[in-house]
Novice: 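Here it is, the structure, as C-alpha cells.
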Amino acid sequence: MSDTTIGTPEQLRDPDYMPPLGKAIPLGIQHVLAMFVSNVTPAIIVAGAAGFGFGSNSPDFPELLYLIQMSMLFAGIATLMQTLTLGPVGAKLPIVQGTSFAFLPIMIPLVAGKGVDALAALFGGVLIGGLFHAALGLVIGRIRFALPPLVTGLVVTMIGLALVKVGIQYAAGGVPAIGTPEYGSLLNWSAALVVIVVTLGLKFFTRGMLSVAAVLLGLIVGYIYALMVGMLSFDSIGTSWSNAAAFALPQPFKYGFEFSFAAILGFCLMAFVSAVETVGDVSGITKGGAGREATDKEIEGATFADGFGSALAGAFGAMPNTSFSQNVGLIAMTGVMSRHVVTCGAIFLMICGLIPKVGAVIRTVPIEVLGGGVIVMFGMVVAAGISILSDVDWNRRNMVIFAISLSVGLGLQLEPGALQHMPDTARILLTSGLLPAAVISIALNLILPEELADESTEEVSGGLSGHSKGSLGTSRDAH
C-alpha cells in the first residue's frame, strides 16, 4: 500500500523520483532485509558441500567468512548496476540483485567433498557463465518462446526439489553429523522448529516489515533460542567477532581460475533460466509499481546487468547474481517505485560486504537454526514452481513433456549411482537433475506436435489422466 507522506501517487510510480532520505534509507534497508538470508545462504551451502562449512572442523572453515562477505558486497554492486546503470547495462528500475538458489543444483555437484580446491573451477564457470548471460541480453526477446511456463515452472520446481534434502540435513545437524548420535536429535530439531513456527507466525499474523522479514526474524529468534539451550556460546560469538577484520577489500581470483567444461556448460545453461526469470521480474515491477509493460530496453539492460554482475562476482570469489523475485512483491506492497530507494539498500549491502565482522556473526548461526529457515525457503521455491505450472494448459502433450522431464531429472538426482560409468563432466551435469529436466522439456516442447490424441497417453496414465483446464477438461472421458 502506498504512503502519500513519501510523495504524490505520480511520484511514487516514477522510477526516477527521489524520496526524502529519511524515508528512502529505511525503505532501501527493508529491501535488503527481505533478501538478506536468501542471498548469503548459497555461499553457506556451497561451503558445506565442499567440506569446509558449518560443523566440518576444517582448517579452511574461515574461508566461509570470505564467501559470505563477497555475497553481500557483489549483490550490492550488481544492484547498483540495475538502479544507476552503466551505459546499456542496467534497467534503471528498482531491481534487487542477489545469489539465486537456481544455481545451487549446479554448484553442489561441482564442489562436493573437494574442499577449497574446487572453487577455482566453480568461479571460472561463474565468470564465463556470466559473460554468456550478458550476451543473452542481445537476443532475450527472441528466445523467450523456447521457455514457456511449462518449462520454467518445471525448472523452478526441480530447483526446489533438489534443495529440500539440504534443509532437512541442516535441521538434523548438518552433513558432518550424519552417522553420529547427535544427528537428528530432539535438541537439533527443536531449534529448527522454533525458526519455522516463528517464521510462519510472523508471515501470516503480522503485516508490513514484520511479515516481509519473517524468515530473518525467525532466524534471530532461533539464534537466541540456541544461546538459551547451550547450542551456541557467547564465547564462540566473541571469538569469531574478534578474529574478523573491521574492514577488508575483495581479492581478485583469490582461489585461482580454472576452466572446467562441466562448470561452464552448467552455468551457461542456467543462464537461460535466470534470464527468463529476470524478464518476469522486470515485467512484474513495471506492472505492479508503474502500471505499464516493461520496455525492450529495460529488459535488455536488466539482462546485461545480471550477466556482467555475475561475471564480476566470479572474478572476486562470489556466487552468480540474478534479480530477486521477492522484492517485486515488496514494491507492489509499498507502492514505491523509486530506483533510488533500492540504491540506498545496495549501498547498505556493500558496506556490510566490506566489514567482515558482519559475516563473522552470520558464521556463528548454528546449522540447525539455518536449517529451519531454508526448509521454509526451499519449500517456497517448489511452491513457486507449482504456481508457474498452474498457468499451463494441461493437455495431453504437456503432460507427456512434464512426465518424461520430471522422471528423468528427479530420477537421476535420487539415484546418482546409475551414472557411475559416465565421464566425470557428464555425471556432474546429469546428477544435478536440473539440467536434464530442463534440456528434455525444452527439446520436447520444440519438437512434439501441438496435439496428441486422447488414446495416445491413456495406456500410460493408469487412469490418472487428470481433468484440469485445457483439452483435458473437455476430453471424451472426462467425468
Novice: Could you tell me the separation between the CG atom of Asn39 and the OG1 atom of Thr99, rounded to the nearest 0.5 Å?
Specialist: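 Result: 4.5 Å between the selected atoms.
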
Novice: Compare all side-chain heavy atoms of Leu119 with those of Leu122 and state whether any distance is below 4.5 angstrom.
Specialist: yes

Novice: Let's go through Tyr170 and Ile45 carefully: what are the C-alpha distance in whole Å and the side-chain angles of both, what is the deciding distance for side-chain contact (heavy atoms from CB on, under 4.5 Å) to 0.1 Å, and is it a yes or a no?
Specialist: CA-CA 9 Å; Tyr170 276 28; Ile45 291 173; 3.5 Å; yes

Novice: Quick check for you: to the nearest 0.5 Å, what is the distance between Ile29 atom CD1 and Ile25 atom CD1?
Specialist: 7.0 Å

Novice: Compare all side-chain heavy atoms of Leu127 with those of Phe316 and state whether any distance is below 4.5 angstrom.
Specialist: no

Novice: Do the side chain of Ser387 and the main chain of Ala383 share a donor and acceptor less than 3.5 angstrom apart?
Specialist: no

Novice: Between Thr322 and Ser100, do the side chains contain an N or O donor and an N or O acceptor separated by less than 3.5 Å?
Specialist: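 No.
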
Novice: Show the nearest heavy-atom pair for residues Met107 and Phe267, with the distance to one decimal.
Specialist: CG-CZ, 3.5 Å

Novice: Would you say the side chain of Val194 lies within less than 4.5 Å of the side chain of Met228, judging by non-hydrogen atoms?
Specialist: no

Novice: Shortest non-hydrogen contact from Ser310 to Gly130?
Specialist: CB-CA, 3.9 Å

Novice: Using only atom types and a distance under 3.5 Å, with no angle test, would you say the side chain of Tyr66 pairs donor to acceptor with the backbone of Gln251?
Specialist: yes

Novice: So, do Val195 and Tyr225 sit near enough that their side-chain heavy atoms are less than 4.5 Å apart?
Specialist: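 The answer is no, as the side chains (C-beta and beyond) never meet within the 4.5 Å cut-off.
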
Novice: For the residue pair Thr343 and Thr83, confirm or rule out a side-chain donor-acceptor distance under 3.5 Å.
Specialist: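 Thr83 and Thr343 do have a side-chain donor-acceptor pair below 3.5 Å.
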
Novice: NZ/Lys165 to CG/Leu414 distance, rounded to the nearest 0.5 angstrom?
Specialist: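 Output value for this atom pair is 8.5 Å.
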
Novice: Can you find a heavy atom in the side chain of Met158 that is under 4.5 Å from one in the side chain of Gln413?
Specialist: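 Sidechains of Gln413 and Met158: in contact.
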
Novice: Phe253: what forms a ring pair (Phe, Tyr, Trp, His ring centres under 6.0 Å) with it, not counting sequence neighbours?
Specialist: Phe257

Novice: Do you know which two heavy atoms are closest between Pro356 and Ala248, and how far apart they sit?
Specialist: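 For Pro356 versus Ala248, the nearest heavy atoms are CG-CB, 3.5 Å.
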
Novice: If you apply the rule side-chain contact (heavy atoms from CB on, under 4.5 Å), what do you find for Leu430 with Leu435, and how did you get there?
Specialist: CA-CA 6 Å; Leu430 292 173; Leu435 287 180; over 6 Å; no

Novice: Check Met70 against Gly353 and note the closest heavy-atom contact, atom names and distance.
Specialist: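 Closest pair (atom of Met70, atom of Gly353, distance): CE-O, 4.5 Å.
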
Novice: Dump the intermediate steps for side-chain contact (heavy atoms from CB on, under 4.5 Å) on Phe52 and Val46, then the final yes or no.
Specialist: CA-CA 9 Å; Phe52 61 91; Val46 167; over 6 Å; no

Novice: Apply side-chain contact (heavy atoms from CB on, under 4.5 Å) to Leu219 and Phe36, showing your working.
Specialist: CA-CA 11 Å; Leu219 287 172; Phe36 194 86; over 6 Å; no

Novice: Atom CD1 of Ile68 and atom CD1 of Ile44: how far apart are they, to the nearest 0.5 Å?
Specialist: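 One gets 4.5 Å once the value is rounded to the nearest 0.5 Å.
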
Novice: Taking Lys357 for the side chain and Trp241 for the main chain, is one N or O donor matched with an acceptor at less than 3.5 Å?
Specialist: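 Judged by distance alone, yes, a pair lies under 3.5 Å.
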
Novice: Looking only at heavy atoms, which two atoms of Ala171 and Ala192 are closest? And how far apart?
Specialist: CB-CB, 3.6 Å

Novice: Using a 4.5 Å cut-off on heavy atoms from C-beta on, say whether the side chain of Glu258 contacts that of Phe123.
Specialist: no

Novice: Mind listing the closest non-hydrogen atom pair of Glu182 and Asn188 along with its distance?
Specialist: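 Looks like O-ND2, 2.8 Å.
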
Novice: Could you check whether any side-chain heavy atom of Val392 comes within less than 4.5 Å of a side-chain heavy atom of Phe402, counting everything from C-beta outward?
Specialist: no

Novice: So, Ser190 side chain and Leu187 main chain: donor-acceptor pair closer than 3.5 Å or not?
Specialist: yes

Novice: Take atom CZ in Phe61; do more than 12 heavy atoms of anything else shown fall under 6.0 Å from it?
Specialist: yes

Novice: Quick one: side-chain contact (heavy atoms from CB on, under 4.5 Å) partners of Gln97, sequence neighbours excluded?
Specialist: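 Gln97: side-chain contact (heavy atoms from CB on, under 4.5 Å) contacts with Ala78, Thr79, Gln82, Ile95, Asp306, Asn321, Ser323.
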
Novice: Going from CG on Leu131 to CG on Leu312, what distance comes out if it is rounded to the nearest 0.5 angstrom?
Specialist: 10.0 Å

Novice: Does Ile401 offer a backbone N or O that forms a donor-acceptor pair with the side chain of Ser405 under 3.5 Å?
Specialist: yes

Novice: Counting only pairs under 3.5 Å, give me each side-chain donor-acceptor contact of residues 363-374, with atom names and distances, residues two or more places apart or in other chains.
Specialist:
| residue | atom | partner | partner atom | Å |
| --- | --- | --- | --- | --- |
| Arg363 | NH2 | Ser240 | OG | 3.3 |
| Thr364 | OG1 | Tyr223 | OH | 2.6 |
| Thr364 | OG1 | Val361 | O | 2.6 |

Novice: I'd like to know if the side chain of Glu63 pairs up with that of Tyr255 as donor and acceptor (distance under 3.5 Å, no hydrogens or angles considered).
Specialist: yes

Novice: Please report whether the ring centroid of Phe132 lies less than 6.0 Å from that of Phe272.
Specialist: yes

Novice: Around atom CE of Met380, are there more than 12 heavy atoms of other residues, nucleotides or ligands at under 6.0 Å?
Specialist: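 No, because the 6.0 Å sphere around CE of Met380 holds 12 heavy atoms or fewer from other groups.
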
Novice: Can you tell me how far apart CG (Leu434) and OG1 (Thr157) are? Round to the nearest 0.5 Å.
Specialist: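 Answer rounded to 0.5 Å: 10.5 Å.
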
Novice: Any side-chain heavy-atom pair from Phe103 and Met319 closer than 4.5 angstrom?
Specialist: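 Side chain of Phe103 against side chain of Met319, heavy atoms only: no contact under 4.5 Å found.
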
